[in-house]
Amino acid sequence: MHYLRESEAARRAIAELTNAGHTLIGLDVETAPLPAYRLDAKAGLDPYKARIRTVQLAVGQTVWVIDLQQVPADLLQPVMALPLIAHNAVFEWRFLHRLGLTPAKLHDSLLLSRLATGQGLSLADCAREQLGIEIDKTLQRSDWSRDLSADQIAYAALDAVLALKLWDAYGPAIKASGQAAAYRRMAQAVPAVAGHMLAGIPFDATTHQAWLARWTADRLPLREQLEHDLQINPDSGQQLGAWLAKHLTAEELKAWPRTASGQLKTDEAAFDGCTLPALAPLSQYKRLAKKISTYGTGYAAHIHPVTGRIHADFALAGTRGGRFRCRNPNLQNPPAGDFRRLFKAPDGYRLVVADYSQVELRIAAVLAEDPAMLDAYTMGADLHKRTAAAVAGIPESEVTKSQRQLAKACNFGLIYGMGAAGLAAYASSSYGVAMPLEAAVKARRAFFSAYPGIARWHARTKVKGATDPAVRIRGGLIRDLGKEAYGWKLTEALNTPVQAPARKSCWRPWRGYPPRYRDWRPGWSITSTMRFCSKSPTGIPKPPRSP
DNA sequence: CCTGGCCGCGCG
DNA sequence: AAAGCGCGCGGCCAGG
């Protein structure tokens, strides 16, 4: 282990490393908060509030710990062309990029663990499980701004060695399971994801603040009225349930929907059709409360003090099914409509939204090889209308609007194994179409005789699941449903290979801010629910027209 | 005081 | 036998 705090020594070590022709080099960085953010406990994780203190490079058991407090970052430029591996490479990429360093070949042991075990593991967990090494992370949060102790330097060095070792620990299993191509695609996406996080989303904080003030003002009288009339906290499902139990008729109470744990349900659908006068203002209150907490104060708390933008955390294959995940905040579910106008491109630029129409249904059609569905898509027909005609037993020309709505419920639900009762409930709650159970049973039968390929696909999936709980997603990713809390379930076995490879909206990056970002040209950057996938949409029919 | 489960609800 | 799936978040509430 070599601690390098002098430029000439660092230059020599880097020259030696560059010329040695190593096939892979372990990489890790330690960061120190900028002076203004000394008191911010999480500043060290934020590339706008902290910068790199040390860079660790590992080859075999040899590690160089380069102290960037003394050594100019530019000396590392040649290293950026070498093949590197880090644990959670998105982190390293962002901090390096802020210093003008952009790794060209960066592998990620977090992604390796994600593919090998089904979930992304911390470096400590990987080290324990794969290498039998117990590591102590207490120094991670120590003060990296001052002179470094021998312990700190040793700690820093170890992580780079571990990331490197994990390549050999996980690599063979990933190859053997046929996930090598999936890994490569994910690793290639690291710069796009990291750049996207660094860039953030421009957000109109001023307008947002004004809206929030109005929502809050609107909520106040509603809340006071409800507290007075109902004598309960309207935010409490428990208290609401108790109130309902007292005020419903015996008959209503018997039929009232309940939650998994037996509580009376208090969602919008449960209120539907009930005439208690308090329920209307209650619904209105709940809608406002959701807007204020999640999309009001919640979003406001994520506006970055340095950039004025929202920098969320994205994770490749962060979900169990392999979808892209976003949190703090989740930018994949801002309310549709006006709220989205708060995401605003700078003057002279535009935000571009691209969407693949009915992508999941198209993938299901391909996987199921359903002739009627494939035919509808090849011909550019309206699939929902076609389903509506089949379910109602009428010609397409006579399909009404509400029949088409119902058909959407059939297409989106029945594909994934929804039952008749589910269909009836789904039709009314999601599409506002009332449906008795017998009608749902008939609709379900009609659906499967119109799309026999879907029926065969369900049967096939059931048979396969009996002996093999692993679901293979086109493109390589494997999801083992046997590892899920409830084990293998048909509905998930049907959903995963369809949902996982479907990718959605992409937002084009813009120039100008933050400074380093203007040099970054990834092509598309992704905000919405992108899922990990093959070179898709191979073999998937094109949508009839762009929206 | 924090953690985790449950619920309801926003999106695809 | 019957079954839509996938998320994250905020509030409440119970347990420590």
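Labels below follow one simple rule: chain letters A, B, ... track the order of the sequence lines, proteins then strands, and each chain is numbered from 1. FYI, side chains are in, hydrogens and waters are out, and symmetry mates aren't considered; it's all heavy atoms of this structure. Every value quoted in this text rests on a predicted model; they were computed, and no experiment measured them.
No engagement by A/Thr496 is indicated, since no non-hydrogen atom pair under 4.0 Å with the nucleic acid exists. Counting non-hydrogen atoms under 4.0 angstrom, A/Arg340 reaches the backbone sugars and phosphates but no base. The residue A/Arg479 sits close only to the backbone: its heavy atoms come under 4.0 Å of sugar-phosphate atoms, none of a base.
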For DNA chain C, just give me the dot-bracket, please: Watson-Crick or G-U, both distances below 3.5 Å, ( ) intra-strand, [ ] crossing earlier pairs, | paired with another strand, . unpaired. ....||||||||||||
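As rounded to whole Å, 10 Å separates atom P of C/dG10 from atom CG of A/Asn333. Rounded to whole Å, atom P of C/dA3 lies 12 Å from atom CG of A/Leu490. Rounded to whole Å, the distance from CG on A/Leu316 to P on C/dC7 is 16 Å. Counting to the nearest Å, the C1' atom of B/dG10 and the CZ atom of A/Arg327 are 18 Å from each other. Rounded to whole Å, atom C1' of B/dC9 lies 14 Å from atom OH of A/Tyr299. Taking atom CD of residue A/Glu360 and atom C1' of nucleotide C/dC7, one finds them 12 Å apart after rounding to whole Å. Atom CG in A/Leu423 sits about 9 Å away from atom P in C/dG4, given to the nearest Å.
Under the side chain to side chain contact (heavy atoms under 4.5 Å, CB included) criterion, A/Pro371 pairs with A/Arg456, not counting sequence neighbours. Residues passing the salt bridge (charged side-chain N to carboxylate O under 4.0 Å, His left out) test with A/Lys265, sequence neighbours excluded: A/Asp267. A/Ser109 meets the side chain to side chain donor-acceptor pair (under 3.5 Å) test with A/His87; sequence neighbours excluded. Legend: residues meeting ring-ring contact (aromatic ring centres under 6.0 Å, His included) with A/Tyr37, ordered by chain and number and at least two apart, are absent. Here A/Tyr285 pairs with nothing under the ring-ring contact (aromatic ring centres under 6.0 Å, His included) rule; sequence neighbours left out. Residues passing the side chain to side chain contact (heavy atoms under 4.5 Å, CB included) test with A/His384, sequence neighbours excluded: A/Gln358, A/Leu361, A/Asp382, A/Arg404, A/Lys408, A/Asn411, A/Phe412. Every residue two or more places apart in sequence or in another chain that forms a ring-ring contact (aromatic ring centres under 6.0 Å, His included) with A/Phe203 is listed here: A/His208, A/Tyr299, A/Phe343. Applying the ring-ring contact (aromatic ring centres under 6.0 Å, His included) criterion to A/Trp215, with sequence neighbours excluded, gives no partner residue.
Screening residues 112-126 of chain A for side-chain hydrogen bond (donor to acceptor under 3.5 Å, both in side chains) gives A/Ser122-A/Asp125, A/Asp125-A/Arg128 as the qualifying pairs, with residues at least two apart or on separate chains.
Comparing B/dG8, B/dC7, C/dC9 by their closest approach to the side chain of A/Asp267 singles out B/dG8. Side-chain proximity of A/Thr491 to C/dA3, C/dG6, B/dG8: nearest is C/dA3.
Of the residues in residues 287-298 of chain A, those with a non-hydrogen atom less than 4.0 angstrom from any atom of DNA chain B are A/Lys290, A/Tyr295. DNA chain C lies under 4.0 Å from at least one heavy atom of each of the following residues of residues 218-241 of chain A: A/Asn233, A/Asp235, A/Ser236, A/Gln238, A/Gln239.
With hydrogens and angles left out, the side-chain atoms of A/Gln179 and A/Ser177 include a donor and acceptor closer than 3.5 Å.
When all heavy atoms of A/Met186 and A/Ala317 are compared, the pair lying nearest together is SD-CB, 3.7 Å.
With hydrogens and angles ignored, no donor-acceptor pair closer than 3.5 Å exists between the side chain of A/Gln332 and the base of B/dC11.
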